[in-house]
Amino acid sequence: MARHIYVHNPFCARKCPYCDFYSVADTSESNAFYKAALREAKLLGEIMKDSSGKDHINDRDDRDTVYFGGGTPSVPDSRLICDLLSGILDAFSISSDAEITIEVNPSSVTDEKLSDYKLAGFNRISAGVQSLDDEVLKRLGRLHDSKDAVDAIKRITAAGFNNVSADLITGVPGGTLDGIKKDINTFYSLGVKHISTYSLMLEEGTVFFERYGKTIEDLMPPEKEREMYHGTRDCLRSLGYETYEISNSALPGYRSIHNSAYWNSCEYLAVGAGSHGYLGNVRYGHEDDIHAYIEEMNSVSEEDYRAFLEGNDRLSSLYVEEILSEEDKMREVPFLRLRTDEGILLDEFKNVFGVEFEDVFGQAVKTNIEKGLLERKERTLRLTRSGLDLANKVIEDFL
Ligand code: SF4
């Protein structure tokens, strides 16, 4: 059974005005944080030694994955990152064909860091470009301009990384569909294999929430936002990218195995303050607090950590989000799988849960097929093009 590990790096060079991920712009604790993260990885490795992982549905690719996200993992000293990766590879006996990703930003990724990442075993880079339009980048408060971004992608490929992903944000005031298409074409010509496109969201507590309003309608009319969404996907497909998830597209063979594991209800382990994991029946999280994390990881016993993972809330910097019943697990299937182009595979659902999907969710299926939001093709159920526009509403019907 494949193992999936997410590491949350909580450091950034500066806080972007739209971002609500947990990160701080002060790296003075980075040494202590990575020492604590290494101890957490070793503890988890010991605890998981005899576990083969739980059954999950629809595992297309059984490779292990490790994903360093954040925050900006290219901000701290690369030795800290590489030492932690080395500890994780050892602690979990990660297989040599694993997908190992690190997120980087154009303003902080240097040639030396790229060379260190390569040597340490990273084989996939996700670059936080967000736009190649300087006006849009300025509005987003990014530290790089379009030239830095293009230069970073060229340096990433020159360092030997073939599997490169880039992020784009759509719906930014002043941004246009033509601008997004131009960016996608540039990515394609630079050899970018995977593109994530996220609509700008106004999250409570961010500078943008105060500046622009509370909902997406405060940024642009919903029809324009949808036109941009579908125009972006049409452009991606015209270049050969498979739009395999609501926000993610990839050239054939370059889908994110790590992210696919989330949508396939696989278990994943979490390392670092602000990270979230899923093991057995338990979805859990680490508090957004570097100090509490460092203190706890330096002192917690294996026994207490193990008890926590079994659902006993005994730690102060980790918390149980939810203990899932069998019904909860069934409800998660439409929630996670309707995001993907494959949709819900009815045979796999039956294999895992022992019941037909429609015996459990018949009414929601019927209503949404009648509305033209869901379609059935043989033994799969997926969103139609109009269903994609109302994905949250469709999913609500299954909860
Ligand atoms: S660099 Fe990324 S994680 Fe850091 S503040 Fe900006 S958007 Fe958030």
Side-chain angles (χ1 to χ4, degrees), residues 6-30 33-34 37 67-78 80-81 84 101-110 113-114 117 124-146 148-149 151-153 156 164-175 180 183 192 194-212 216 219 247-248 256 258-259 270-276 285-290 293:
Y6 174 76
V7 178
H8 190 82
N9 162 80
F11 304 103
C12 282
R14 187 173 77 188
K15 195 73 197 165
C16 298
Y18 57 89
C19 176
D20 77 332
F21 291 132
Y22 175 54
S23 67
V24 296
D26 170 4
T27 55
S28 57
E29 302 254 47
S30 57
F33 173 81
Y34 276 95
Y67 193 105
F68 278 59
T72 314
S74 57
V75 162
D77 190 324
S78 51
L80 298 174
I81 299 282
L84 177 56
T101 306
I102 181 164
E103 291 179 352
V104 304
N105 272 349
S107 56
S108 53
V109 68
T110 62
K113 285 179 177 173
L114 286 167
Y117 300 153
R124 183 172 183 272
I125 299 254
S126 173
V129 174
Q130 318 308 354
S131 175
L132 293 173
D133 176 329
D134 285 335
E135 281 309 308
V136 170
L137 285 170
K138 242 187 247 161
R139 204 154 293 138
L140 287 172
R142 301 295 294 190
L143 286 168
H144 63 270
D145 62 17
S146 56
D148 297 331
D151 179 57
I153 294 172
I156 288 166
V164 180
S165 176
D167 289 355
L168 276 181
I169 297 187
T170 63
V172 181
I180 304 250
D183 293 355
V192 171
H194 184 282
I195 299 178
S196 301
T197 47
Y198 300 106
S199 299
L200 180 61
M201 302 302 281
L202 296 169
E203 306 286 359
E204 205 167 346
T206 65
V207 175
F208 269 26
F209 190 77
E210 300 306 319
R211 188 181 298 165
Y212 291 115
I216 200 75
L219 285 174
S247 308
N248 288 282
S256 163
H258 185 83
N259 287 347
V271 173
S275 64
H276 298 264
H286 292 70
E287 298 287 355
D288 293 352
D289 184 335
I290 294 176
Y293 177 76

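As the structure lists them, so they are numbered: ligands from 1, and atoms in each ligand from 1.
- The contact set between ligand 1 and R14, taken as ligand atoms under 4.0 Å from a residue heavy atom, comprises 5 (S).
- With H286 contributing its side chain and S275 its backbone, the two residues share a donor-acceptor pair below 3.5 Å.
- Assignment of R142 to the shell around ligand 1 is supported, since a heavy atom sits closer than 4.0 Å.
- Rounding to the nearest 0.5 Å places OG1 of T170 at 11.0 Å from CD of Q130.
- If you number the atoms of ligand 1 from 1 as listed, the ones under 4.0 Å from a heavy atom of N105 come out as 1 (S).
- Atom numbering of ligand 1 starts at 1 in the shown order; those under 4.0 Å from a heavy atom of C12 are 1 (S), 3 (S), 4 (Fe), 5 (S).
- Atoms of ligand 1 found under 4.0 Å from any heavy atom of T72, numbered from 1 in the order shown, are 1 (S), 4 (Fe).
- N9 contributes a side-chain N or O that, together with a main-chain N or O of T72, makes up a donor-acceptor pair within less than 3.5 Å.
- For the atom pair CZ of F21 and CD of E203, the computed distance is 8.0 Å after rounding to the nearest 0.5 Å.
- Between F11 and F33, the ring planes lie perpendicular to each other; the angle is over 60°, past the 30° to 60° tilted range.
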Decide yes or no on side chain to side chain donor-acceptor pair (under 3.5 Å) for S107 and H144, but give the supporting numbers first.
-> CA-CA 5 Å; S107 56; H144 63 270; 5.0 Å; no
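- Below 4.0 Å from some heavy atom of G71 lie the following atoms of ligand 1, by number and element: 3 (S).
- Close approach to C19 involves these atoms of ligand 1, each under 4.0 Å from a residue heavy atom: 3 (S), 5 (S), 7 (S), 8 (Fe).
- Residue C16 touches ligand 1 through backbone and side chain together, judged by heavy-atom distances below 4.0 Å.
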